Peer 1: 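Supplied in structure tokens, the structure appears directly below.
Quantities reported herein were computed from a predicted structural model and do not represent experimental measurements. For the numbers below, each heavy atom of this structure counts, side chains included, while hydrogens, waters and symmetry mates do not. Chain letters run A, B, ... following the sequence lines, proteins first, then strands; residues in each count from 1.
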Amino acid sequence: MDRIPILRMGNFLLVTIQVDLYDRLALNLESDLVQMVSKTGARGVLIDISALSIVDSFMGRIIGNIGSMSKIMDAETVVVGMQPAVAITLIELGLELKGVSTALNVEKGMALLQHKIGSSEDLEEDQDDSSVE
Amino acid sequence: MKVEISKLLQKKRKQILEHWMNNQLANDSLRDDLLGNDDLRAQSEELLDAVVKTVNNQNLEHGLSAEFDDVTEILAGISISRARQGFSPRDTGIYIFGLKDALLKVLQDEIKNDPQTLYDFTLRISKLVDSFGITTFETFIKGREEVILRQTDEISEISTPVIRVWDGIVALPIIGTLDSARTQVVMENLLQQIVDTGSSIAILDISGVPAVDSLVAQHLIKTVSATRLMGAECIISGIRPEIAQTVVHLGIDLSNIVTKASLASALKYAFAMINLEVRKSQK
């Protein structure tokens, strides 16, 4: 069965969707990704959909779902490289992907993830420091 | 007495043309500044020839039937060329209906002994020329509508320029009313430019939008959401007091969109977002 590879990069998981997603594949991706987040303890998930040219409401929901699921498992999700046509379609379908962060390209997405996780780690360290003192 | 209208007209062709030309030349509204007398005569003769060639006793009042295609074509040509030359619809109307007077006058002279036939033909000729008149106006309006359509297309094409104001900041001034079709064009252009320039901030300036109603607001919100999905921030600027009033009165919620009063303040906000600072140089 086809699977979309999930790459691990340090604290992050990197998913690049290079083929057209069909429903089964998307569902697999969703469950694989959640498994991987739990297994690796990743802090951030970056999904690159720049090669995706067709979406439907189901795919929009899956992307939203992945965002919410990672959130409860304490990992930030960033969707990068959405095509204009895809963005317009999703908006016309009424899917605003409220819980998901977005970025223009992988580079900016990585920076955003690092920024988000960095700030939360700083916070934790601060708290650790204060507890030590 | 049986009268063959086609033969009669062919015989009297010259006379009809003379009548028609005299009518036109005598008319106060003759625009000899736009069309010379010779050209006018040639135009009239061409039309009359076509009419005389086509008309017979059977098809006389069916001016819109296929048999009159040639005539219709010539009429359309005359109508369009006259519209371009600057004739008013009234001038063209007088020109076409002048033909009726000329035809009727000749008929009157020819069959004055038979009132019944004369009456019959008068009615039918009237009908025929009326239908010519209708064709003329139809073409005239069609020509005008084509011009309007072309202009609409041009306006929607030139009215959505996306300006790159800074590295990573694009601005799109919207001028004129936003409707669904235009929003689509605006949105596509903006998103494409965001991709092309790799800009992370887009400023949508609506100071040129005359009025905002719930539909326009809906379109704006859509555009902002789409930009956000692409991974860029969208700021709406140029909200005039009247627009702020209507938006609040309509109960439209713009609270989760960044809005600024002017393009300048939007730009300032954008600079702050990408950690830029504008300062006076120390000299």
Peer 1: Could you tell me which portion of B:Leu190 (side chain, backbone, both or neither) has an atom closer than 4.5 angstrom to a non-hydrogen atom of chain A?
Peer 2: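 No part of it gets close to chain A.
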
Peer 1: Is A:Arg3 salt-bridged to A:Asp32, cutoff N-O under 4.0 Å?
Peer 2: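 Between A:Asp32 and A:Arg3 there is a salt bridge, with a charged N closer than 4.0 Å to a carboxylate O.
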
Peer 1: Please walk me through it: do A:Leu21 and A:Ile4 pass side chain to side chain contact (heavy atoms under 4.5 Å, CB included)?
Peer 2: CA-CA 9 Å; A:Leu21 273 185; A:Ile4 291 187; 3.5 Å; yes

Peer 1: Distance-only, no hydrogens or angles: does the B:Arg240 side chain make a donor-acceptor pair with backbone N or O of B:Val209 under 3.5 Å?
Peer 2: yes

Peer 1: Give, as side chain, backbone, both or neither, the part of A:Val78 having an atom under 4.5 angstrom from any heavy atom of chain B.
Peer 2: neither

Peer 1: Under 3.5 Å, is there a donor-acceptor pair between the A:Ser101 and A:Lys116 side chains?
Peer 2: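 Yes.
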
Peer 1: Using non-hydrogen atoms and a 4.5 Å limit, figure out which bit of B:Thr223 sits close to chain A: side chain, backbone, both or neither.
Peer 2: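 Interface part for B:Thr223: neither.
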
Peer 1: Does any backbone or side-chain atom of A:Leu95 lie under 4.5 Å from a heavy atom of chain B? Answer side chain, backbone, both or neither.
Peer 2: backbone

